[in-house]
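In what follows, chains are A, B, ... by sequence order, proteins preceding strands, each numbered from 1.
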Amino acid sequence: MGAPGQEKLWDKEEKEHKKYDDIRIFTDEQLKNYTDDELKNFKVKHDISMIEQLESGPWPSFVSDIKREALHRHKLGQDNLMIPADICDDLLGIVELSYKEGETHWKHGGIVGVLGYGGGIVGRYNDQQAQFPNIAHFHTIRVNQPSAKFYTTDWLRGFCDIAEYRGSGLTNLHGSTGDLVILGSFSDQLEPIFFDLTHDLGVDIGGSGGNLRTPSDCIGKARCEFACYDTMDLCYEMTMEFQDELHRPAFPYKFKFKFDGCPNGCTASIARSDMAYIGTWKDDIRINQDAVQEYVAGKIPVDGGAFAGRDWGKFDIQSEIIDLCPTKCMKWDGKKLSINNAECNRCMHCIDAMPEALRVGKDQGLSILFGAKAPILEGAQMGCLTIPFMYVNKPYDSQKNLVRKVFDWWIEEGKNRERIGETIQRVSLKTFCEVLGIPPMPQMVKEPRSNPYVFFKESEVPGGWDRDINAYRTRHPR
Amino acid sequence: MGRDEDIRQAIIDYASKGAKSKFYFKDMLTGVKKTIPDAGASEVKKVASAMVSEEVMELLSTGSSTMYGLKGRGISVEKSGDAGG
Ligand code: HEM
Ligand code: HEM
Ligand code: SF4
Ligand code: SF4
């Protein structure tokens, strides 16, 4: 198995990979241990009549899901669980109470972690411990997802068993940063969870707090023809390279990398990461004119056939492609499609719509944008294009060296709880470019006036300039 | 004393004498630099991480940011008004 030339690697990983049967905690009978009738008649320990109303709506309800889990745990019995069997009952109970009072009973933060790690576990405690002892702790454990979130079912089943046995059984796949999240554990189970995850599942804990957060990436070359670099490999390599930054917090605030293989941005790196890597190309969009004709003739369904089943009408290349090109750089003369590539801003629309006719260019690499974030101090912000193009070659020295420069600078310059985008805004993009050692470039300007002015220094202008302030004053008195 | 021990001592001085029992890494770095002006972020981090592993220091996190403190000094479970993330 495996790609040609990689059979050996694959075989080795197969051998090292533990089978579910080797690590499973529960039997099949235990995993399917209640009937629909039992569920219908099941009542949790507390009165939850208010939140039960949420089940009457048209959507699947978290209340129903958690009730199932509560019943499942009751039937597993406390002897088979390290965390209170009634944890889900108390969870629903506290939600009911919060609905009544309009107030939360979760405290924010605390000291928990596993030895040697400064992140990845978010301590949550409840302030109603007398009434709801089973959720006195409800810690969140972030688990570093594999690149592009590829799993085997064996692996997922092993993960679920651990979450059931040493957590509340509730999980979050995936958290917004990308991690797999185990919800609702107690402090004494954290080291055992860490042991099980690392020994049985071969995964590590993710990031939280003032450190590098778990990097994440799009599916990239594994399945997508648009990928301009191997997102999965770069994500993995960067995760391994910056382990210390992931596990030992020393940053002013959180820092996220995300890797998108092309400007479609399936990982939304441009909006969700302090440092976004987006695949791009330098040369021209590849055009297969014959395939364009087939699209026009309706022989190949446009957008992969997504517009079917309703009267969308016949495909009209003029109104659906040419007129929608945001930079108006495309032309169709009835026979030939042409693109003024210098004006193309890689919006991906034409390529997405007609993938058999158009392809990303061959001279591929990535762009790097800095500074996206959710509103914390300043408002929400998208990433700002800082490095228009960089080649991507294993072992990724240029990417790694750049990151080191960024971290060294930000640790010194960033203020507490300031995201790097805010630091850059404070000191100016120009200063940041100087730190990175890159000249200002037209590509960095999103539109006139939305970027700060760049003042050139004399040394940066060929020939410099010669200005005599006294001569100037003779013409322009104070 | 070796460099690491100097830094360790500077951290302990900062952590035990300051008004705050919990502080950001950056504040600790500034504190260390008062006695060791050329102390770099990475070496201070290395020593601080070792002290966390030895349970001399501990980390308090809201999920969004992280604070250091001497183990046993100040409260250990804090209800902060801090917005997480
Ligand atoms: C009871 C109903 C709950 C619902 C419906 C719910 C729903 C959600 C949703 C929709 C997300 C965002 C998922 C995403 O990132 O796309 C989320 C994230 C999260 N939830 Fe919950 N949640 C519930 C209870 C809890 C409880 C009780 C806790 C802990 C005390 C918790 C801890 C978290 C954490 C830590 C995350 C963020 C994970 C991350 O992004 O890394 N949740 N939850
Ligand atoms: C007034 C109450 C609260 C406010 C204003 C608040 C605000 C926030 C904000 C702004 C974020 C960051 C979102 C982002 O960056 O995308 C966040 C994240 C989070 N909050 Fe809260 N929060 C509150 C209460 C709580 C409570 C009661 C809990 C748990 C018991 C909680 C748990 C979390 C967690 C686990 C995260 C995610 C942390 C991470 O992703 O690193 N928050 N909160
Ligand atoms: S971001 Fe681009 S390369 Fe990555 S999966 Fe999406 S379309 Fe494919
Ligand atoms: S990718 Fe977007 S900008 Fe470029 S030619 Fe196609 S539609 Fe126009």
**Q** Taking NZ, NE, NH1 and NH2 as the nitrogens, is one of them in A/E422 or A/K415 under 4.0 Å from a carboxylate oxygen of the other?
**A** no
**Q** Is it the backbone or the side chain of A/L115 that comes under 4.5 Å from a heavy atom of chain B, or both, or neither?
**A** side chain
**Q** Give a yes or no on whether a salt bridge exists between A/D217 and A/K258, defined as a side-chain N under 4.0 angstrom from a carboxylate O.
**A** no
**Q** Does any part of the side chain of B/M57, heavy atoms only, come nearer than 4.5 Å to the side chain of B/Y68, both counted from C-beta?
**A**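 Of all side-chain heavy-atom pairs linking B/M57 with B/Y68, at least one is under 4.5 Å.
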**Q** Heavy-atom cut-off 4.5 Å, strictly under: side chain, backbone, both or neither for B/K71 against chain A?
**A**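 When you check distances to chain A, no heavy atom of B/K71 falls under 4.5 Å.
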**Q** Select one option (side chain, backbone, both, neither) describing which atoms of A/D244 are under 4.5 Å from chain B's heavy atoms.
**A** both
**Q** Using ring pair (Phe, Tyr, Trp, His ring centres under 6.0 Å) as the criterion, list what pairs up with A/F195, not counting sequence neighbours.
**A**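 Ring pair (Phe, Tyr, Trp, His ring centres under 6.0 Å) list for A/F195, sorted by chain: A/H199.
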**Q** Are the aromatic ring centres of A/W410 and A/F251 under 6.0 angstrom apart?
**A**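 Yes; A/F251 has its ring centre under 6.0 Å from that of A/W410.
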**Q** Tell me, out of A/A250, A/G210, A/G414, who's got the most heavy-atom pairs with chain B below 4.5 Å.
**A** A/A250
**Q** Examine whether an atom of A/E413 lies under 4.5 Å from a heavy atom of chain B, and if so say whether it belongs to the side chain, the backbone or both; otherwise answer neither.
**A**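 Only the backbone of A/E413 comes within 4.5 Å of chain B.
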**Q** Counting the benzene-type ring for Trp, do A/F186 and A/H139 have ring centres under 6.0 Å apart?
**A**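 Centroid separation for A/F186 and A/H139: 6.0 Å or greater.
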**Q** Below 4.0 angstrom, N of the basic side chain to O of the carboxylate: do A/R166 and A/D196 qualify?
**A** yes
**Q** Does anything in residues 45-56 of chain B reach chain A? List residues with heavy atoms under 4.5 Å apart, or say none.
**A** B/K45, B/S49, B/S53, B/E55
**Q** Do NZ/NE/NH1/NH2 and the carboxylate oxygens of A/K400 and A/E237 come within less than 4.0 Å?
**A**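 Result for this pair is yes, salt bridge flagged.
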